[in-house]
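In listed order, ligands and their atoms are each counted from 1.
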Amino acid sequence: MTPLARLLARRIELAGPIPVAVFMAEALGHPAHGYYVTRDPLGVRGDFTTAPEISQLFGESLAVWAIETWQRMGAPRRMQLVELGPGRGTLMQDLLRVAKAVPDFTAAAELHLVETSPALRAAQAQRLDGYAPRWHDSFDAVPDDAPLLLIANELFDALPVRQFVRVGAAWHERLVGLDEDGDSFRFVLAPGRSSLAAGIAPAHAAEGSVFELSPASLSLMGAIAARVARRAGCALVIDYAGGVGDTLQAVRNHARAEFLVDPGESDLTAHVDFGALARVARESGAVVHGPLLQGELLQRLGVMARFDALRARATEMQANTLASGLTRLVSTDGMGSLFRAMAVGTEGLMPTGFETDGVEAL
Ligand code: SAH
């Protein structure tokens, strides 16, 4: 058992099974043993790879989104440029390098990074040296005194979800308990019906089906949407989506792992429910655009032209890397269709790339 598994097992012995969201939050964010707290999980030697780590084409394309959307906001002289969960800082580094061509943008941008991992804060400090970033533990701590431009890539999928299972005509919360020997975890059902789920989950569902709810995601989106509704601004959220039912996943060394085994040692995620995020954003007064498939958005932002320009001055090896990166980012059998992009902005502001609907409606 990992040290965190022992702590969680003791807690369950003393106080009973815990919600899936509690298990997930502790596995990822426990102050001493949490997955993100203890390591930099990204890249070939880590556990998983993200779009900005695959190719500079990702962050450079999002630069077009950021600069044009800022221009459409009326090019405010001050703006909070915020990234949630910036990983190694690669996306923002690529974005800001391209943005140097628009000095008014870089002069206006005050860089705020919301990051809980000390290891990743250090990586971000290295890459973003020269841009005077400020770090925060939560979005609420970002100063609320200027228009907002926010990007979150693969952040919402790391926020904890609660799960509910359909039993007869009711929903029961799925909890994490201990097996008979007390040395491994297993899923159990709460004996009582969940009135929370009864209020929001589908009224009709097949026996045994699973409903997921991420209160942390909804309250974060609500806070972002309320801010862009109050001040000018826009947020771009890119993440895994499209799964139905149980979408929990554990990944370790670039392969699937067991969700309940060795908490703190593998990355735990759930698909993002863009429909639920869109509803809470609208309720908070913001306008929702998309979601679009990631590949579609990148193409609208001119990823092909950027690829051609970079290839023209690349060595053959670099050109091959660029080409395979492009394919992974946009192709419909890769990230291009697994990932969705949704923008949440002030009324009257049309974020670049979202002018027409995508293939999917909410
Ligand atoms: N956006 C980056 C990293 C994605 S991994 C990329 O695309 O490469 C998830 C990131 O979110 C990591 O930086 C992780 O440390 C951070 N993170 C996870 N939970 C968080 C939370 N509750 N608040 C802020 N950051 C969080």
Quiz item: Parallel, tilted or perpendicular for Phe339 and Tyr240, by the 30°/60° rule?
Solution: tilted
Quick note on ligand 1: atoms under 4.0 Å from a heavy atom of Gly87 include exactly 2 (C), 3 (C), 13 (O)
Any N or O on Leu159 sitting closer than 3.5 Å to an N or O of ligand 1?
-> no
| message | Is it the case that ligand 1 has an N or O less than 3.5 angstrom from some N or O of Ala158? | response | no
the protein heavy atom lying closest to atom 23 (N) of ligand 1 turns out to be Thr116 CG2, 3.6 Å
Quiz prompt | Test of proximity, Thr50 against ligand 1: N or O pairs below 3.5 Å | solution = yes
for atom 7 (O) of ligand 1, nearest protein heavy atom and its distance come out as Asn153 ND2, 2.8 Å
Query raised in the report: Does any N or O atom in Glu154 lie less than 3.5 angstrom from one in ligand 1, N or O only?
Result: no
**Asked** Is there a nitrogen or oxygen of Asp137 sitting under 3.5 Å from a nitrogen or oxygen of ligand 1?
**Response** no
The protein heavy atom nearest to atom 11 (O) of ligand 1 is Gly85 CA, 3.3 Å
Check: Salt bridge between Arg39 and Glu265, side-chain N to carboxylate O under 4.0 Å?
Finding: yes
The reported gap from CG in Asp129 to CD in Gln93 (rounded to nearest 0.5 angstrom) is 10.5 Å
| request: Would you please test Ile151 and Trp65 for side chain to side chain contact (heavy atoms under 4.5 Å, CB included) and show each step? | output: CA-CA 10 Å; Ile151 294 179; Trp65 179 83; 4.0 Å; yes
Within 4.0 Å of some non-hydrogen atom of Ser117, the atoms of ligand 1 are 15 (O)
If we number the atoms of ligand 1 from 1 as shown, the ones under 4.0 Å from a heavy atom of Leu155 are 11 (O), 17 (N), 20 (C), 25 (N), 26 (C)
In this structure, are over 12 heavy atoms from other groups packed under 6.0 Å from Arg231 atom CZ? yes
side-chain contact (heavy atoms from CB on, under 4.5 Å) filter on Val237, not counting sequence neighbours, yields Phe156, Met221, Phe274
### Task
Please confirm whether Ala51 comes under 4.0 Å of ligand 1, counting heavy atoms of the residue only.
no
closest protein heavy atom to atom 13 (O) of ligand 1 is Glu115 OE1, 2.6 Å
Do other residues, nucleotides or ligands put more than 12 heavy atoms under 6.0 Å from the CD atom of Glu258? no
When distances are taken from atom 12 (C) of ligand 1, the protein heavy atom at minimum range is Leu120 CD1, 3.6 Å
Check: Taking His271 for the side chain and Gly243 for the main chain, is one N or O donor matched with an acceptor at less than 3.5 Å?
Finding: yes
Across all chains, not counting sequence neighbours, the ring pair (Phe, Tyr, Trp, His ring centres under 6.0 Å) partners of His172 are none
query: Does atom CD of Glu347 have more than 12 heavy-atom neighbours from other groups under 6.0 Å away?
result: no
Ligand 1 to Pro52, heavy atom cutoff 4.0 Å, flagged ligand atoms 6 (C), 7 (O), 8 (O)
